[in-house]
Amino acid sequence: MTENYAVVVIGGGAAGLSAALVLGRARHRTLVVDAGEPRNAPAAHMQGYLTRDGMPPTEFLTLGRAEIARYGVELVRDRVVEVTRAENLGGVQGKHFTEVQGRAVTEAQGEDPTGAPGEGFTVVLAGGRTVQARRLVVATGLKDELPAVAGVAERFGRDVLHCPFCHGWEVRDQPFGVLASSPGSVHQALMVSQWSKDVRFFLHTVAEEELSDEDLRRLAAAGVEVVPGEVAGLVVEDDRLTGVRLADGTEHARSVLFLAPRAVPQTGLLEGLGAELHDTPFGAYPVVDATGLTSVPGVWAAGNAIGFAEQVVHAASGGYRAASAIVGDLLMTDLDAAAQV
């Protein structure tokens, strides 16, 4: 028999686990499907999350998984390969009753009422399992596509970084480099000057004439040195970054290199369901309301699935908002259905 869940959460990072925690505490049968590929896996620590500042991401996830398990939430290490609208999840099972606003509402023992005909989704996992859910939370995040510069991928999350809010304090006052990927990288070069007054902006494949007069004035005012020429690779000694090497052989002593990965949103499942997307400078993301509800009824999104700049604390908050909205949505749906009986 196909298993029925109130909610399937696709993605087990901060957003997905936060949503699962709220749903479990609200007594909804919930399944989290986690492919085990968190965006912040290369980082040794996460910063800026009140009371969790400096915690390793792996420890954060371990604690989160233990918390949701206490409320009966199931987590499976697998990948969702297909989501389709379900026809009907079947009849109500079980004989557990709760009082909701003075009305006796039938609730499945260990399962949720299955809702109206046509409500819900069929979810197929790579491992061959098929489950059905009344609502979905898509927290599939995004992937960071790094510039094809020798040494960058190996050192990403260590001394090759992308977010000064995440890592700036830990590398403050060191010699910074910023690798341009577009004229928009000027913004990153200006931002990191908050954490170091020794910043060199490597234009790499960006021509100097592509920078505006305003860009050049701001870079000069911030004390950022502009370095033309393509970057060929990094200089590494004793497993630490010591410099940036240009194609002409010139080396610049640097301890930290900031760059802007190309964001690749993981929106395939949402697109398959017909979700409306909107274009941003960092890729196309689903159109959502304040709770994370997409244009597809019954489907919420949270975390980096809705935007490039969602930090861990934002993702956790987004998962909470989505889950609380789902709890209310399921309740009202069931009350309306019961009132028509």
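Atoms CZ and CG, on Arg70 and Leu21 in that order, are 8.0 Å from each other to the nearest 0.5 Å. Annotation: the span from Asp144 atom CG to Asn40 atom CG amounts to 10.0 Å, rounded to 0.5 Å. One distance of note links CD1 of Ile68 with CG of Leu75; it measures 5.0 Å at 0.5 Å rounding. With rounding to the nearest 0.5 Å, the separation of CZ in Arg155 from CG in Leu234 is 8.0 Å. Here CG of Leu146 is found 9.5 Å from CD of Glu154. Values are rounded to the nearest 0.5 Å. The CG atom of Leu269 sits 9.5 Å away from atom CD of Glu82, with the distance rounded to the nearest 0.5 Å.
When atom types are taken as modelled, the side chain of His204 and the backbone of Val231 share a donor-acceptor pair closer than 3.5 angstrom. Panel note: side chain Gln188, backbone Leu259; a donor-acceptor pair is recorded below 3.5 Å. In terms of modelled atom types and a separation under 3.5 Å, the side chain of Ser212 and the main chain of Asp215 share a donor-acceptor contact. Using a distance-only test at 3.5 Å, with no hydrogens or angles considered, no donor-acceptor pair links the side chain of Ser196 to the main chain of Ser193. Here the side chain of Asp34 pairs no donor or acceptor atom with the backbone of Arg77 at under 3.5 angstrom. Here the side chain of Thr250 pairs no donor or acceptor atom with the backbone of Leu246 at under 3.5 angstrom. No side-chain donor-acceptor contact under 3.5 Å links Ser18 to the backbone of Ala15. Side-chain N or O atoms of Gln266 include one that pairs as donor or acceptor with a backbone N or O of Val264 at under 3.5 Å. With hydrogens and angles ignored, the 3.5 Å screen pairs no side-chain donor or acceptor of Asp78 with any backbone N or O of Val33.
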Please tabulate, for the side chains in residues 43-65, all donor-acceptor contacts under 3.5 angstrom to protein atoms that are two or more places apart in sequence or on a different chain.
from	atom 1	to	atom 2	distance (Å)
Asp53	OD1	Gly48	N	2.8
Thr62	OG1	Thr58	O	2.9

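In this structure Glu310 satisfies the salt bridge (Lys or Arg N to Asp or Glu O under 4.0 Å) test with no other residue, sequence neighbours excluded. The side chain to side chain contact (heavy atoms under 4.5 Å, CB included) test applied to Asp238 returns no partner, not counting sequence neighbours. Here Arg79 pairs with Glu37 under the salt bridge (Lys or Arg N to Asp or Glu O under 4.0 Å) rule; sequence neighbours left out. A search for side chain to side chain contact (heavy atoms under 4.5 Å, CB included) contacts involving Glu74 returns Tyr5, Leu31, Arg129, not counting sequence neighbours.
A heavy-atom distance below 4.5 Å is found between the side chains of Gln311 and Cys163. Between Val83 and Val124, every side-chain heavy-atom pair lies at or beyond the 4.5 Å cut-off. Between Leu190 and His187 the shortest side-chain heavy-atom distance does not fall below 4.5 Å.
Applying the salt bridge (Lys or Arg N to Asp or Glu O under 4.0 Å) test to residues at least two apart or on different chains, the pairs with a partner in residues 251-276 are Glu145-Arg262, Asp198-Arg254.
For Arg25, the CZ atom is loosely surrounded, since the number of other residues' heavy atoms within 6.0 Å does not exceed 12. Counting non-hydrogen atoms of neighbouring residues, nucleotides and ligands closer than 6.0 angstrom, the CZ atom of Arg218 reaches no more than 12 such neighbours.
Between Leu142 and Pro265 the shortest heavy-atom distance is CB-CA, 3.9 Å. Taking every heavy atom of both residues into account, Gly274 and Val296 meet most closely at C-CG2, 4.0 Å.
Classified by interplanar angle (parallel below 30°, tilted 30° to 60°, perpendicular above 60°), the ring pair Trp195/Phe165 is perpendicular. Taking the six-membered ring where tryptophan is involved, the planes of His162 and Phe308 are perpendicular, since the angle between them exceeds 60° and thus also 30°.
Taking the centre of each ring, His167 and Phe258 stay at or above the 6.0 Å mark.
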Candidate pair Asp239 and Arg158, rule salt bridge (charged side-chain N to carboxylate O under 4.0 Å, His left out), full reasoning: CA-CA 10 Å; Asp239 196 29; Arg158 301 167 66 188; 2.6 Å; yes
Run the numbers on Arg135 and Asp329 for salt bridge (charged side-chain N to carboxylate O under 4.0 Å, His left out), then give the verdict. CA-CA 9 Å; Arg135 302 291 185 269; Asp329 180 49; 2.6 Å; yes
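A donor-acceptor pair shorter than 3.5 Å can be found between the side chains of Thr291 and Trp300.
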